[in-house]
Amino acid sequence: MSSTVRTRFAPSPTGYMHIGGMRTALFNWLWARHMGGQFILRIDDTDQARNQEAALGPILNAFRWLGLDWDEGAEVGGPYAPYYQSQRNSLYQAAAKQLEAAGFAYKDFSTKDENDADRKAAEAAKVPYLNIRRSLDLTEAQKEQYLAEGKPWTLRLLVPRTEKIAIDDLIRGHVEWDCGLMPDPVILRPDGSPLYNFATVVDDAQMQISHVIRAEEHLTNTAVQALIYKALGYSLPLFAHVPYVAAPGSKEKLSKRKIEQYRKNPQFKRMFERGDEVFPRLGLAGAQGLDPVMVEYYERIGYLPEGVLNALGRIGWSLDEKTENMSLATMVEHFTLDRVVKAPASLDPDKLFNFQGHWMKELAIGPKTDGCVRFLVQAKLLAEPVSDETRAYVQRIAEALGDRLKIFSDILDCDYFFTYVLRTDEKMFDKRVKKEGVPAHLAAFAEVLKTVAPFDAASIEAALAAYCTQVGEQTGTMIHALRLATTGQQAGPGVYDCLAMLGPDKCVARISAAVAKAT
RNA sequence: GGCCCCAUCGUCUAGUCAGGUCCAGGACACAGGAUUUUCAUUCCUGCAACGCGGGUUCAAAUCCCGCUGGGGUCACCA
C-alpha cells in the first residue's frame, strides 16, 4: 500500500487569510506532518479575474508568519505542477471530455433564465428542484445545429437519480445522500471554465490527495464530488469534515461579511478597540481594514505565531483531558483526526489572549526585544538605524515590563520612555500630585535624586526610604506621585525601575514640570 | 421549505465508540482572597453543564426512539 498521507489546503485568492480557514489549514498541515506525509498549498483561482498576486500575498504571508510550510504548491511548485487552477485548464478539459464520452456528462443548452424559471416553479409547487433534462431529448441533428449556430451550452454531470451516494467521513461517520434529490451539477461553464466541485475533484485525484480535510460547510458538496470521482474512475480519498469556526459566543459561522456586527460583540470588542488604538500609531489606519477575522490582524498588532497557533489548535481539537499549552511540535506529535470534535466551536478571543500571554512569557529576551524594537520603529518612537545602545535600553524596558507585555504593541503604552508628554488626567493628577505637601516633597526629592549614585533602582529606593523617614512622609504617597509625575501613568513597571531607566536628568525635569503644574 | 450535520459549565473541551471508578474532570472568563505600597505575574477559593421526553438495563452523560433547539447547504461562487 503506497499510503503516504497527502493533504492540501486550497484557498481562493481573496486578499486576506480567514482565521477559520487558517484553522482548517492547520489541521491539514498537522495531519500531514504527524504522518510524515506532504502538505500541498493549491490555489483555487478558477473564478473571476479578482485574483492574483495582490490577493494571494496575504494568504501566503499568513502561512509563512505562522511557520506552516508547504511541500508542494504555490511558488514552490512540485511534481503535480502547476498548482494554480487557472493554469490547469487542459486537465479539466480532458476530464470533461472523458466524462462526456463515457456518457457521464452531457451538453445542456438550456439557459440560466430557463433554469431559474424551473427552479421557481419547483419552489412554488413545493417540490424539490431537479433540473429538467431537456437537452437529453434533443436529436443528434438538433444538437449539431445548435453547435453550428454557436448556441451556448454548459456541461452537466448526469446524476444517477436512482442511486444513493455515501461516504464514510473520518469525523462524522457514514453520511448518505439520495441522488434522486440532486440536480445535475454544471461542471463546465459556457466559456469552458470548470466549476469548483469539478476542478477540485480533478485536482485532488491528480495530486494524489489522500485526506480531504475541510470545513463542514463542504459536506453537502461531497455528494457531487463523490459522484464525479466515481464517474472519472477514481477511488475516493478519505474525507474529514471539521466543524467550522463560529463567531465568539455564537454558533454561526465566523464571516468576514459580518464585521460591523462583530464590533459590538462583547468579546471581539476589546480586539477592535485595541486595533483602533494601535493601528493608527503604526501607520496602518483605515485602508488596511484589519480586523480579528483576518490572520494579519494578529501579526500586525503583535501576537506571536505560537499564541495564535495554540489557540487555533484548541478550537475543535484537544490533545487530552487537560493539556492546554501546546507548541506546534507538540501538536504535530499528538494530532489525530479522531480527536476532532463534531460540533462547531467559537473563536474565544479571551482564551486566545491567554495563550498569547503564555507564549510571550516563554519568549527569550532577545526576540522579545527585537519585537519591541520593531513596533517602536514602526510607531516612529525610534528612528532607524537602531543603535546597540538604544536596543539595550529597549531590552531593559522589556525586562522591567516582564509579564505586563502581552502583545508587542503593548510596548507603545511605554512611549513615556521615549518621549515626554505630561498626561493630563486631571482627576488622578489632583489625587496623587496636587495634594497637600506633595509638590514640595517632590521638589525636595528631585534635589536628592541629583545626588543618587549609582543611579539604579536599588539606590533610588534607598534614597526615597531615607527621605521619607527623614520628613515623615508615607512612602506610598511618594511612589504614586513620582510615577505619575515622571511617566504620566498610574500603573506599569516598578517605579524605581522607571526612574532608573529614565535617568536623573529626565527625572528631575519631569518632576519639576509636574511641580510647576501643581502649584 | 428540501437535504445534511450537530447538541456536556457563559466559552473551549474531557468523558460517549468498548454503560458502572462522573451527584461529571481540566482550561478561559467571571467573583472573592493571599502575595506585589501600582499594575502585571503567581497561588488559593468560589461560581457554573450532561436540552426535553420516552425506552433498554441492576446501572445511562454514555445505547435506541421521538421531540425540541442550533447550524450548514441548496449558483453557470469557492
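Computed from heavy atoms alone, side chains included, the values below leave out hydrogens, waters and symmetry copies. The shown structure was predicted, so the numbers you read here are calculated from the model rather than taken from an experiment.
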query: Paired with rC28(B): which nucleotide, if any, by Watson-Crick or G-U wobble criteria at under 3.5 Å for both distances?
result: rG10(B)
message: Looking at the base of rC39(B), is there any donor atom on it, or on the side chain of R404(A), that sits under 3.5 Å from an acceptor on the other one?
response: yes
field: Contact summary for S12(A) and D44(A), nearest pair of heavy atoms
entry: CB-O, 2.9 Å
field: Separation between the P atoms of rG15(B) and rA59(B), rounded to whole Å
entry: 26 Å
OP1 or OP2 of rG1(B) under 4.0 Å from side-chain N/O of K126(A): no
field: Among rG2(B), rU41(B), rG72(B), the nucleotide that comes nearest once only the side chain of D403(A) is considered
entry: rU41(B)
query: When you compare rG51(B) with rU68(B), how far apart are their C1' atoms, in angstrom units rounded to a whole number?
result: 8 Å
- request: Determine the contact category for T200(A): base if any of its heavy atoms lies under 4.0 Å from a base atom, sugar-phosphate if only primed atoms, P, OP1 or OP2 are that close, otherwise nothing.
  value: nothing
message: Tell me whether the side-chain N or O atoms of K351(A) pair up with the base of rC12(B) as donor and acceptor below 3.5 Å, since no angle test is needed here.
response: yes
task: Please determine, for the side chain of N197(A), which listed nucleotide (rA78(B), rA7(B), rG70(B)) has the closest atom?
output: rA78(B)
field: Separation between the C1' atoms of rU56(B) and rC64(B), rounded to whole Å
entry: 7 Å
statement: Looking only at rC39(B), rC76(B), rC28(B), the nucleotide nearest the A491(A) side chain is rC39(B)
- prompt: Paired with rA61(B) by Watson-Crick or G-U wobble geometry, both distances under 3.5 Å: which nucleotide is it?
  reply: none
- prompt: Looking across every strand, which nucleic acid part, if any, lies under 4.0 Å from L195(A) by heavy atom: base, sugar-phosphate, or nothing?
  reply: sugar-phosphate
- prompt: Ignoring hydrogens and angles, are the base of rA75(B) and the side chain of D116(A) linked by a donor-acceptor pair under 3.5 Å?
  reply: no
query: Taking the same atom, C1', in rA31(B) and in rA48(B), what whole-Å distance lies between them?
result: 12 Å
- prompt: Using a cut-off of 4.0 Å on non-hydrogen atoms, how would the nucleic acid contact of H218(A) be classed: base, sugar-phosphate, or nothing?
  reply: base
field: Q206(A) atom CD: more than 12 heavy-atom contacts under 6.0 Å
entry: yes
field: Cation over ring face, R156(A) and Y106(A), 6.0 Å, 45°
entry: no
task: For the pair H441(A) and Y467(A), evaluate ring-ring contact (aromatic ring centres under 6.0 Å, His included) and give the outcome as yes or no after the intermediate values.
output: CA-CA 9 Å; H441(A) 282 310; Y467(A) 177 82; 5.7 Å; yes
message: Under 3.5 Å for both donor-acceptor distances, Watson-Crick or wobble: does rU35(B) have a partner, and if so which one?
response: none
- prompt: When we call it a touch if two heavy atoms are under 4.0 Å apart, what does G492(A) touch: a base, just sugar-phosphate, or nothing?
  reply: base
- request: Tell me, please, whether Y146(A) has K151(A) positioned over its six-membered ring: NZ or CZ under 6.0 Å from the ring centre and within 45 degrees of its axis?
  value: yes
query: Taking NZ from K251(A) and P from rC5(B), how many angstroms apart are they, rounded to a whole number?
result: 18 Å
- prompt: With sugar-phosphate meaning primed atoms plus P, OP1 and OP2, does V341(A) contact a base, only sugar-phosphate, or nothing at under 4.0 Å between heavy atoms?
  reply: sugar-phosphate
query: Is there a side-chain polar atom (N or O) of R172(A) under 4.0 Å from OP1 or OP2 of rG71(B)?
result: no
- prompt: Are more than 12 heavy atoms from other residues, nucleotides or ligands located less than 6.0 Å from atom NZ of K322(A)?
  reply: no
task: Scan every strand shown for a Watson-Crick or G-U wobble partner of rC74(B), both distances under 3.5 Å, and answer none if you come up empty.
output: rG1(B)
- prompt: R189(A) side chain N/O closer than 4.0 Å to the phosphate oxygens (OP1, OP2) of rC77(B)?
  reply: yes
- prompt: How is I479(A) classified with respect to the nucleic acid when contacts are heavy atoms under 4.0 Å: base, sugar-phosphate, or nothing?
  reply: base
- prompt: Where the side chain of S346(A) is concerned, which of rU11(B), rC6(B), rC5(B) is the nearest nucleotide?
  reply: rU11(B)
- prompt: Using a cut-off of 4.0 Å on non-hydrogen atoms, how would the nucleic acid contact of D338(A) be classed: base, sugar-phosphate, or nothing?
  reply: nothing
message: Categorize P183(A) for me: base, sugar-phosphate, or nothing, with a 4.0 angstrom heavy-atom threshold over every strand shown.
response: nothing
- prompt: Taking the same atom, C1', in rC52(B) and in rU13(B), what whole-Å distance lies between them?
  reply: 24 Å
Candidate pair E324(A) and K351(A), rule salt bridge (charged side-chain N to carboxylate O under 4.0 Å, His left out), full reasoning: CA-CA 10 Å; E324(A) 295 288 343; K351(A) 196 146 184 168; 3.4 Å; yes
query: Which part of the nucleic acid does E176(A) contact within heavy-atom distance under 4.0 Å: base, sugar-phosphate only, or nothing?
result: sugar-phosphate
field: Proximal nucleotide (of rA14(B), rA78(B), rC4(B)) relative to the L219(A) side chain
entry: rC4(B)
message: Measuring from the side chain of Y196(A) (C-beta onward, heavy atoms only), which nucleotide among rG2(B), rU41(B), rA78(B) has the closest atom?
response: rA78(B)
field: Rounded distance in Å - CE (M326(A)) to C1' (rC12(B))
entry: 11 Å
task: Under a 3.5 Å limit for both distances, which nucleotide forms a Watson-Crick or G-U wobble pair with rA40(B), could you say?
output: none
query: When you match E217(A) and G316(A) each to their closest nucleotide on RNA chain B, which lands nearer the 5' end?
result: G316(A)
- prompt: Taking CD from Q225(A) and C1' from rC77(B), how many angstroms apart are they, rounded to a whole number?
  reply: 14 Å
query: How far does the P atom of rC76(B) sit from the matching atom of rG69(B), given to the nearest Å?
result: 32 Å
message: Need one value for E324(A): base, sugar-phosphate or nothing, where a base atom within 4.0 Å counts as base even if backbone is also close, heavy atoms only.
response: base
- prompt: What integer number of Å spans the P atoms of rA18(B) and rC63(B)?
  reply: 9 Å
field: Salt bridge R42(A)-D204(A), side-chain N to carboxylate O under 4.0 Å
entry: yes
message: Counting only side-chain heavy atoms from C-beta out, which of rU41(B), rC77(B), rC76(B) sits nearest to K406(A)?
response: rU41(B)
message: Only pairs with both distances under 3.5 Å count, Watson-Crick or wobble alike; so what is the partner of rU16(B) in this structure?
response: none
- prompt: Any side-chain N or O of R339(A) under 4.0 Å from OP1/OP2 of rC17(B)?
  reply: no
- request: Identify whether any heavy atom of D350(A) sits under 4.0 Å from a base atom; if not, whether one sits that close to sugar-phosphate; answer base, sugar-phosphate or nothing.
  value: sugar-phosphate
- prompt: Which is true for S110(A) with a 4.0 Å heavy-atom rule: it touches a base, it touches only sugar-phosphate, or it touches nothing?
  reply: base
- prompt: Has the side chain of E216(A) got a donor or acceptor atom sitting under 3.5 Å from an opposite partner on the base of rG71(B)?
  reply: no
field: T154(A) side-chain proximity, nearest of rG72(B), rC4(B), rC76(B)
entry: rC76(B)
- line: Separation of rC5(B) atom P from E252(A) atom CD, nearest Å, is 21 Å
query: If the C1' atom of rC58(B) is compared with that of rG1(B), how far apart are they to the nearest Å?
result: 47 Å
query: Quick check: are there more than 12 heavy atoms from other residues, nucleotides or ligands sitting under 6.0 Å from CZ of R263(A)?
result: yes
- request: Would you verify whether the NZ or CZ of K256(A) falls within 45 degrees of the ring axis of Y16(A) while also being under 6.0 Å from that six-membered ring's centre?
  value: yes
- prompt: Which nucleotide sits closest to the side chain of S318(A): rA78(B), rA14(B), rG71(B)?
  reply: rA14(B)
query: Nearest to the side chain of R119(A) - rC74(B), rA14(B), rA27(B)?
result: rC74(B)
